[in-house]
Amino acid sequence: MNLAKIADWDTVMQLSDADVQPETAMKVKYNGLEITTLGQTLKAGEIKNRPFTINWKGMKMNKFYTLLLVDLDAPSRAAPSQREWRHFMLYNMKGNVMDSGIVQAPYIGSLPPAGSGFHRYVWPVYEQNGRLTVTERPLQLSFFGRGGFQSAKFRIQHNMKGPVAGTAYRCQWDSDVDKIGSQIPMQR
């Protein structure tokens with residue numbers, strides 16, 4: 001299996017818009033799909049559901065982690081006024097067990113608007129120093145309250161290490177985006 005080349009973090013995709021380069025690459029496996037290349041192009045329909053497994057070199061089952069998926073280019077790369085739109089956030093995750101921990105932002109697949117070009121989506125994982133207490137109210141499965149997150153600020157505020165691992169992919173609008181987006185409630 002070829003892991004994403006983490007050394008390309010800044011050169012290929014300019015991912016420092018989210019946070020610093022991770023220590024190592026992370027494997028992200030969706031149903032029938034695995035991210036193997038940093039900047040791999042994926043289709044919205046392929047990633048409409050949350051991945052079923054993640055893993056990285058150095059992962060420890062006795063540690064707690066925070067896992068994010070953010071869109072660096074919301075609503076467009078030319079005008080990213082909602083940069084770091086949270087598609088998913090899980091904290092107090094035990095090791096790489098995605099069914100553990102607290103969901104701060106339920107998973108919403110990639111939904112780049114029509115005409116906005118390719119968006120960069122980043123999966124960073126941070127090592128916690130123990131269990132976190134997050135005072136922000138958990139988000140609902142809706143579009144509200146997700147834009148403008150700041151991964152680096154959150155990492156510093158909670159004294160977390162990392163990102164200890166990460167990967168990224170690209171996605172642009174296709175006909176599946178509208179179908180998937182119509183299933184997300186519009187209310188707060």
Side-chain angles (χ1 to χ4, degrees), residues 1-9 12-13 15 17-74 84-112 118-128 139 141 146 149 151 154-155 160-177 179-181 183-184:
M1 136 98 202
N2 293 331
L3 278 176
K5 293 181 182 175
I6 253 350
D8 291 338
W9 192 259
V12 174
M13 293 186 63
L15 298 173
D17 288 341
D19 204 342
V20 297
Q21 176 179 313
E23 295 172 17
T24 191
M26 180 169 63
K27 295 179 189 179
V28 178
K29 292 183 182 181
Y30 292 86
N31 187 22
L33 175 81
E34 184 172 350
I35 298 176
T36 58
T37 306
L38 191 67
Q40 185 172 336
T41 299
L42 303 177
K43 294 183 178 203
E46 297 173 318
I47 50 180
K48 66 181 179 182
N49 298 315
R50 192 186 84 176
F52 66 89
T53 185
I54 59 168
N55 207 351
W56 64 93
K57 185 178 180 178
M59 185 277 301
K60 300 173 186 109
M61 287 304 296
N62 64 339
K63 294 282 188 178
F64 291 104
Y65 297 94
T66 294
L67 176 66
L68 292 166
L69 173 61
V70 295
D71 177 354
L72 298 183
D73 302 315
E84 290 202 65
W85 199 90
R86 280 182 287 180
H87 283 265
F88 182 64
M89 182 175 177
L90 174 68
Y91 67 95
N92 291 341
M93 176 177 67
K94 189 80 166 171
N96 65 342
V97 180
M98 292 180 70
D99 290 331
S100 68
I102 298 170
V103 175
Q104 182 67 25
Y107 185 85
I108 293 178
S110 300
L111 302 170
F118 279 102
H119 286 229
R120 299 166 296 160
Y121 295 88
V122 181
W123 281 106
V125 64
Y126 300 92
E127 186 177 306
Q128 301 171 195
L139 300 177
L141 183 60
R146 291 177 178 256
F149 187 72
S151 301
F154 187 84
R155 170 181 52 83
M160 293 189 291
K161 179 182 175 186
V164 293
T167 194
Y169 63 89
R170 298 175 344 136
C171 183
Q172 68 179 345
W173 183 90
D174 63 38
S175 59
D176 284 336
V177 169
K179 289 181 233 169
I180 297 164
Q183 298 171 15
I184 309 296

Parallel, tilted or perpendicular: which describes the rings of His87 and Tyr121, with under 30° parallel and over 60° perpendicular?
perpendicular
Between Val164 and Thr24, is there a side-chain heavy-atom distance shorter than 4.5 Å?
no
For Pro106 and Leu139, the nearest pair of non-hydrogen atoms, with its separation, is CD-O, 3.2 Å
Is the count of non-hydrogen atoms from other residues, nucleotides or ligands lying under 6.0 Å from Asn31 atom CG greater than 12?
no
Return the orientation label for the Phe149 and Phe154 ring planes: parallel under 30°, perpendicular over 60°, tilted otherwise.
tilted
Taking the six-membered ring of Phe118 as reference, does the cationic atom of Arg170 (NZ for Lys, CZ for Arg) lie under 6.0 Å from its centre and within 45° of its axis?
yes
Do Thr167 and Trp56 make a side-chain contact, defined as non-hydrogen atoms from C-beta onward lying under 4.5 Å apart?
no
State whether the side chain of Asp73 and the backbone N or O of Arg120 hold a donor-acceptor pair below 3.5 Å, judged by distance alone.
yes
Taking all heavy atoms of His119 and all of Pro112, pick out the closest pair and write down the distance.
CD2-CB, 3.4 Å
Considering all heavy atoms of both residues, which atom of Ala44 and which atom of Cys171 are nearest to each other, and what is their separation?
N-SG, 3.7 Å
Which atom pairs, one a donor and one an acceptor, fall under 3.5 Å between side chains of residues 90-99 and the rest of the protein, sequence neighbours left out?
{"from": "Asn92", "atom 1": "OD1", "to": "Gln128", "atom 2": "NE2", "distance (Å)": "2.7"}
{"from": "Asn92", "atom 1": "OD1", "to": "Leu132", "atom 2": "N", "distance (Å)": "2.7"}
{"from": "Asn92", "atom 1": "ND2", "to": "Leu132", "atom 2": "O", "distance (Å)": "3.1"}
{"from": "Asn96", "atom 1": "ND2", "to": "Ile54", "atom 2": "O", "distance (Å)": "2.8"}
{"from": "Asp99", "atom 1": "OD1", "to": "Arg50", "atom 2": "NH2", "distance (Å)": "3.0"}

Any non-hydrogen side-chain atom of Leu72 less than 4.5 Å from a side-chain atom of Glu84?
yes
At what distance, to the nearest 0.5 angstrom, does CG of Leu33 lie from CG of Asn49?
12.0 Å
CD (Gln183) and CG (Leu111) are apart, to the nearest 0.5 Å, by 10.0 Å
Side-chain contact, heavy-atom cut-off 4.5 Å: Lys43 with Asp176?
no
Ile47 and Tyr107 have their tightest heavy-atom pair at O-OH, 2.6 Å
Is Asp71 close to Ser110 at the side-chain level, that is, under 4.5 Å between some pair of heavy atoms?
no
Going by salt bridge (charged side-chain N to carboxylate O under 4.0 Å, His left out), name the residues that satisfy it together with Arg146, two or more places apart in sequence or in a different chain.
none
Looking only at heavy atoms, which two atoms of Tyr126 and Ser151 are closest? And how far apart?
OH-CB, 3.3 Å
Do Pro51 and Trp123 come close enough that some side-chain heavy atom pair is under 4.5 Å?
yes
Would you please name every residue forming a salt bridge (charged side-chain N to carboxylate O under 4.0 Å, His left out) with Lys48, sequence neighbours left out?
none
Is there a side-chain contact between Lys161 and Glu23 (heavy atoms, below 4.5 Å)?
yes
Would a 4.5 Å heavy-atom cut-off, applied to side chains only, mark Phe64 and Ser100 as touching?
no
Can you tell me how far apart CD1 (Ile180) and CD1 (Ile108) are? Round to the nearest 0.5 Å.
11.0 Å
Please report the shortest heavy-atom distance between Phe52 and Tyr30, naming the atom on each side.
CE2-O, 2.9 Å
Please test Met26 against Met59 for side-chain contact (heavy atoms from CB on, under 4.5 Å), starting from the C-alpha separation and ending with a verdict.
CA-CA 10 Å; Met26 180 169 63; Met59 185 277 301; over 6 Å; no
